[in-house]
Amino acid sequence: AGLHVGHPLGYIATDIYARFKRLKGFNVLNPMGYDSFGLPAEQYAIQTGTHPAITTENNIARYREQLDNIGFSFDWSREVRTSDPSFYKWTQWIFMQLFNHYYDKTADKAVKISDLVERLKTEGNANINAVCDEDTPSVSAAEWNAWSEKEQQLFLLKYRLTFPEESFVNWCAQLGTVLSNDEVKDGVSERGGYPVERKLMKQWSMRITAYADRLIEGLNHVEWSESLKEQQRNWIGRSQGASVKFPLAPLTPKGGDTQVPPLGAEGAYIEVFTTRVDTIYGVTFMVLAPEHEYVKDLTTKEQKEEIEAYQSWAASRSDVDRMSEVKKVTGAFTGSYCVNPFNGEKIPIYIADYVLAGYGTGAVMAVPSGDQRDWNFAKHFNLPIISILDGQKDIETAADNTKEGRYINSGIINGMEYKEATNTLISWLEERGLGKGKIQYRLRNAVFSRQRYWGEPVPAYWKDGVPYLIEESELPLVLPKIDKYLPTETGEPPLGRAENWKYSPSQPPQKGGEQNSPALEGSGEAYEYELSTMPGWAGSSWYFYRYMDAHNDATFASKEAVDYWQQVDLYVGGTEHAVGHLLYSRFWNLFMYDLGLVPHTEYAKKLVNQGMIQGRSLYLKLNTGRRLFVDVNLADERDRLYRDVFLQMIEKDNRFEGIKGDEVGGDIDWEKDENGKYYTALTPEVEKMSKRTLNVVNPDDVVAKYGADCFRMYEMFLGPLEDSKPWSTTGITGVQSFLRKLWSLFYDLNTGKNLLTDGEPTPEELKVLHACIKKVSTDIENFSFNTAVSGFMICVNELKSMRCSKRLILNELVVLVAPFAPFIAEELWEALGHITSVLDAQYPTHNEEYLKESEVLYPISINGKKRGEYTFAADASPADIEKVVRAMEVITKWSEGKDIKKVIVVPGRMVNVVI
RNA sequence: GCCCUGGUGGUGAAAUGGUAGACACGCAGGACUUAAAAUCCUGUAGGCAGCAAUGCCUGUGCGGGUUCAAGUCCCGCCCGGGGUACCA
């Protein structure tokens with residue numbers, strides 16, 4: 001449907017900034033491109049059979065028209081499209097690099113997998129300190145060398161930065177794709193409302209967790225909003241603590257009849273993760289998640305009924321339920337016990353849904369004296385609460401999570417303070433193999449497969465159950481043609497429909513243009529390509545580098561180009577990308593940095609989150625209680641819908657089928673206006689602009705009515721860029737009349753006569769101009785565009801009241817306005833007699849001399865010596881001056897021997913002396 | 001619950017710790033006009049006093065505090081928006 005007025009907000013801001021910097025003499029790269037893979041075009045293809053590439057092409061043409069209408073200074077020669085093979089060639093290339101590297105913790109960077117292979121050959125993996133799968137076994141050089149090719153390759157997958165693995169996904173059979181948690185609402189897909197099931201699938205995964213620490217650390221070096229950085233930190237969720245094994249007390253009697261060997265046997269244990277191992281002597285019970293795998297075997301006969309009832313109740317509760325009932329304590333006793341390894345205390349084991357199966361080990365050691373949730377639980381189930389710190393408050397009324405004080409009732413750490421105690425306990429655990437210091441992250445590896453058509457093909461094929469990459473020289477691996485954009489009958493992704501979608505080492509795929517792989521005539525081996533495609537975030541994770549060298553066919557961007565442009569100085573986008581795109585792209589950037597491909601650990605120096613422009617939608621409330629959105633353009637300015645308009649509308653709109661609106665007394669209450677015409681009052685609501693709510697405002701319409709300059713300035717004038725605000729044109733006349741006033745400095749609006757004069761500017765005129773230069777420049781640098789617009793208004797109003805049409809003044813003013821209102825600036829620039837474009841002008845700098853407030857300077861004598869000058873406002877009254885002079889006498893007396901740097905006097909206030 | 005944000009006129013909003021409400025909308029009054037539109041001018045936080053110029057008082061969600069001086073900084077609350085994971 002095209003862009004709405006909310007979309008250009010950020011583009012206008014960056015365009016103003018780009019033009020401003022260009023006028024200041026910088027070489028500015030202000031690009032635009034399209035992240036053009038994705039589900040909408042694919043859904044449309046499924047419905048209509050139109051190839052997504054065609055839909056994409058049409059939409060881009062539409063966007064381009066709208067963008068051109070607003071006067072952006074984008075460098076279109078650098079335009080990128082993520083769905084273009086010449087672009088995704090490099091997305092695939094980066095994927096291959098990820099496959100060919102692993103994360104070496106000692107070097108703290110990505111290292112070639114071939115280096116790993118060399119080491120495995122000679123020393124096995126005993127000394128390899130790398131990020132890898134949890135279940136990676138140790139292997140000696142001899143074992144490695146004895147392995148088959150397949151065994152070796154499967155082993156290497158445990159290290160590669162991208163690798164296939166079996167994982168649970170939200171599978172929606174009707175959409176034929178995997179959905180994110182976000183796309184699933186109440187067990188059905190958000191789009192279409194189809195059922196969603198948990199299904200185990202082989203998915204490509206990205207080992208982003210390898211970069212968790214560096215992703216956190218890097219946040220300290222970028223100018224991003226605190227809230228955004230905080231969101232990323234929380235998403236990565238680093239917590240430092242320890243894992244502790246609690247041996248199980250002998251089971252008496254055993255409840256379940258399944259056999260999980262470790263349970264009840266010698267050495268069986270429950271492992272927990274804790275950030276407060278120092279409180280371990282305060283542990284009085286253990287809580288497992290209801291879904292914990294041990295629960296069944298831990299439950300005694302007597303408790304079986306209660307536990308099972310609790311488990312099924314917990315399973316029925318949604319996350320929303322769990323969160324809204326934070327204060328209600330629930331749980332059940334399993335009947336079993338474990339043992340505190342430090343003091344041998346017998347600890348009862350409970351289950352409760354405040355412990356989540358998906359985080360840590362799904363088990364918590366409960367310390368009611370130090371944790372409020374544990375405390376509530378202990379009170380509810382009448383469990384003991386032991387104080388373990390002498391600094392702790394009264395633990396009979398509430399828990400106290402302090403770390404202050406010395407430990408009591410705490411065995412080997414009695415008398416110690418926090419740090420020493422923690423270290424002592426961890427060493428104790430590590431010596432006995434009962435636990436260790438551990439850092440836990442919330443961040444999970446990122447699933448990198450989509451069972452869709454409209455995405456980048458993964459440049460890999462399968463041979464004997466092992467994935468191999470195609471040759472780099474064979475890139476791009478172009479999407480094949482398929483007959484329908486749906487999964488195959490056997491449940492394979494859409495690419496499974498492509499004919500001859502196979503890799504043949506002897507006959508590599510042809511390059512350029514959409515095609516299937518060559519027909520595999522006669523001889524030669526052929527292997528199945530990977531059938532899933534890459535997710536939407538693949539192309540968007542590195543595209544900013546492509547702008548630097550958009551047409552390079554030899555590399556993603558030449559070294560010269562990357563060295564020249566370095567990094568993104570200013571990145572404007574919405575907060576919705578906080579933990580998706582903005583995290584993945586930082587991850588890829590760090591990886592590319594490790595490979596020496598890019599010069600910075602962070603690719604975006606400054607990031608600004610623009611707010612959302614919301615729409616005002618209108619509801620029609622029917623007498624039946626139904627609420628229907630009505631196109632905002634059909635209502636009048638008082639939000640009234642007239643009956644004649646309504647009757648026309650319902651003919652075209654099938655949502656109104658069966659609704660009686662053509663007579664009084666039908667489903668709608670009609671009222672008569674002053675002229676006797678029937679209308680009904682609509683109810684307004686503010687929300688996101690969307691097709692569904694029929695509240696979309698097209699920038700083309702605003703531009704047609706007020707002009708692009710006015711539209712640009714008004715969007716800026718609405719308020720701070722970061723704020724969300726509803727769209728409304730009520731104030732646009734203010735900007736419109738500003739532009740008219742600006743014009744009227746050059747031409748008489750009635751006669752069209754040129755008013756320009758050649759006189760020398762007066763000090764007053766210079767002051768007005770230079771105040772404007774100063775204000776507007778600093779406002780742009782601070783991204784305060786709304787106040788910059790105010791600055792223009794003040795300036796023009798003052799020049800107008802001075803009747804100043806002097807070329808020397810207006811010349812500068814036009815350049816100042818040019819970033820905001822490029823069209824009118826160009827015309828006025830020409831009116832001033834310039835033959836070049838205003839784009840080639842130089843941005844003026846202000847001169848403080850012209851901004852001085854006063855004419856009267858009073859020397860101030862301190863300790864008998866002249867120490868400086870004091871400036872009075874020009875309109876200061878003699879009485880005020882006298883007051884100050886008297887004050888200065890007092891100061892002089894008081895300041896003997898002190899070094900006075902500055903004296904500030906505010907009328908009606910105290911005198912401020914800076915020493 | 002936790003994290004991040006924000007709370008200022010009728011409205012959108014301004015204010016490096018220094019005369020709160022710039023600028024704009026809206027509204028009211030006036031000028032021009034046969035009239036209207038357009039345009040221009042004046043006024044516009046609240047209260048009290050005054051014929052008036054003007055003067056005084058109160059005001060930035062609530063309660064405290066720091067400071068010569070607080071919308072701004074600190075502490076404790078209340079409410080809105082965004083995020084989230086009851087994360088041990």
Side-chain angles (χ1 to χ4, degrees), chain A residues 181 225-235 237-239 241-244 272-277 279 283 286-289 319 321-330 352-367 370-374 376-377 401 440-444 574-576 578-579 609 611-612 614 686 713-714 717-720 722-738 740-741 744 749-750 775 778-779 782 784 786-797 800-801 873 887 904-913:
Chain A
N181 287 332
S225 75
E226 224 17 76
S227 69
L228 200 89
K229 290 187 194 178
E230 203 55 31
Q231 273 187 60
Q232 292 213 341
R233 285 191 197 105
N234 290 344
W235 189 260
R238 182 185 204 268
S239 44
S243 67
V244 183
V272 301
F273 173 75
T274 176
T275 51
R276 287 296 302 275
V277 68
T279 62
V283 174
M286 173 77 62
V287 190
L288 305 186
D319 286 355
D321 292 337
R322 286 184 173 201
M323 276 207 262
S324 58
E325 291 173 37
V326 170
K327 289 183 176 103
K328 203 166 146 192
V329 178
T330 63
D353 70 354
Y354 78 84
V355 176
L356 303 178
Y359 180 80
T361 60
V364 174
M365 60 177 229
V367 184
D371 183 282
Q372 192 58 43
R373 275 165 303 126
D374 295 346
N376 293 344
F377 197 89
N401 65 2
Q440 184 79 35
Y441 298 96
R442 174 196 183 270
L443 187 71
R444 301 268 167 265
T575 9
E576 69 271 19
V579 294
N609 289 124
M612 192 188 289
Q614 295 137 319
V686 169
M713 283 195 114
Y714 182 60
F717 186 66
L718 268 177
E722 291 91 340
D723 291 3
S724 285
K725 52 238 156 187
W727 175 257
S728 144
T729 47
T730 33
I732 202 168
T733 51
V735 175
Q736 199 182 17
S737 68
F738 157 75
R740 196 179 292 126
K741 271 184 221 167
S744 75
L749 290 176
N750 296 316
K775 176 158 182 57
T778 51
D779 283 350
N782 295 329
S784 178
N786 54 331
T787 55
V789 175
S790 298
F792 285 128
M793 289 176 172
I794 294 166
C795 177
V796 166
N797 281 341
K800 190 95 182 101
S801 66
I904 299 167
V905 179
V906 179
R909 300 285 158 177
M910 301 291 286
V911 177
N912 195 26
V913 184

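Letters A, B, ... mirror the listed sequences (proteins, then strands); counts begin at 1.
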Between A:S790 and A:D723, whichever has its closest RNA chain B nucleotide further toward 5' is A:D723

Contacts of A:G731 and A:T787 projected onto RNA chain B by closest heavy atom; the upstream (5') one is A:T787

Residue matched to [N] through Watson-Crick or wobble contacts both under 3.5 angstrom:
N: B:C2; result: B:G83
N: B:U19; result: none
N: B:G63; result: B:C75
N: B:C25; result: B:G10
N: B:A49; result: B:U54

Grab the two heavy atoms, one from A:A366 and one from A:D374, that are nearest each other, plus how far apart they are.
CA-OD2, 3.3 Å

Nearest whole angstrom, please: distance from the [atom2] of [N] to the [atom1] of [X].
X: A:R740; N: B:A24; atom1: CZ; atom2: C1'; value: 15 Å
X: A:K741; N: B:U39; atom1: NZ; atom2: C1'; value: 11 Å
X: A:W727; N: B:U11; atom1: CH2; atom2: C1'; value: 16 Å
X: A:Q232; N: B:C3; atom1: CD; atom2: P; value: 19 Å
X: A:K725; N: B:A24; atom1: NZ; atom2: P; value: 19 Å
X: A:I732; N: B:G26; atom1: CD1; atom2: P; value: 12 Å
X: A:I794; N: B:A15; atom1: CD1; atom2: C1'; value: 12 Å
X: A:F717; N: B:A13; atom1: CZ; atom2: C1'; value: 8 Å

May I ask you to say what [X] touches in the nucleic acid, namely base, sugar-phosphate or nothing, with a heavy-atom cut-off under 4.0 Å?
X: A:D371; answer: nothing
X: A:D374; answer: nothing
X: A:S239; answer: sugar-phosphate
X: A:S728; answer: nothing

Can you check whether A:T778's main-chain N or O pairs, donor with acceptor, with A:N782's side chain at less than 3.5 Å?
yes

Between A:K725 (side chain only) and A:P720 (backbone N and O only), is there a donor and an acceptor less than 3.5 Å apart?
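At least one qualifying donor-acceptor pair exists.
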
Proximity to the side chain of A:R442 - top-ranked nucleotide from B:A88, B:C23, B:U84:
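The listed nucleotide nearest to A:R442's side chain is B:U84.
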
B:G71: syn or anti, with syn meaning chi within 90° of zero?
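B:G71: anti glycosidic orientation.
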
Looking only at atom C1', what distance separates B:U33 and B:C27, rounded to whole Å?
23 Å

When rounded to the nearest Å, what value does the distance between P atoms of B:C77 and B:A28 take?
46 Å

Suppose we screen for salt bridge (Lys or Arg N to Asp or Glu O under 4.0 Å). Which residues come up paired with A:R238, at least two apart in sequence or across chains?
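Scan of A:R238 (salt bridge (Lys or Arg N to Asp or Glu O under 4.0 Å), adjacent residues dropped) gives A:D213.
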
Would you give the length of the straight line joining atom NZ of A:K775 to atom CD1 of A:I794, rounded to the nearest 0.5 angstrom?
6.5 Å

Return no unless some side-chain N or O of A:N786 is found under 4.0 Å from OP1 or OP2 of B:A14.
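For B:A14, OP1 or OP2 has a side-chain N or O of A:N786 closer than 4.0 Å.
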
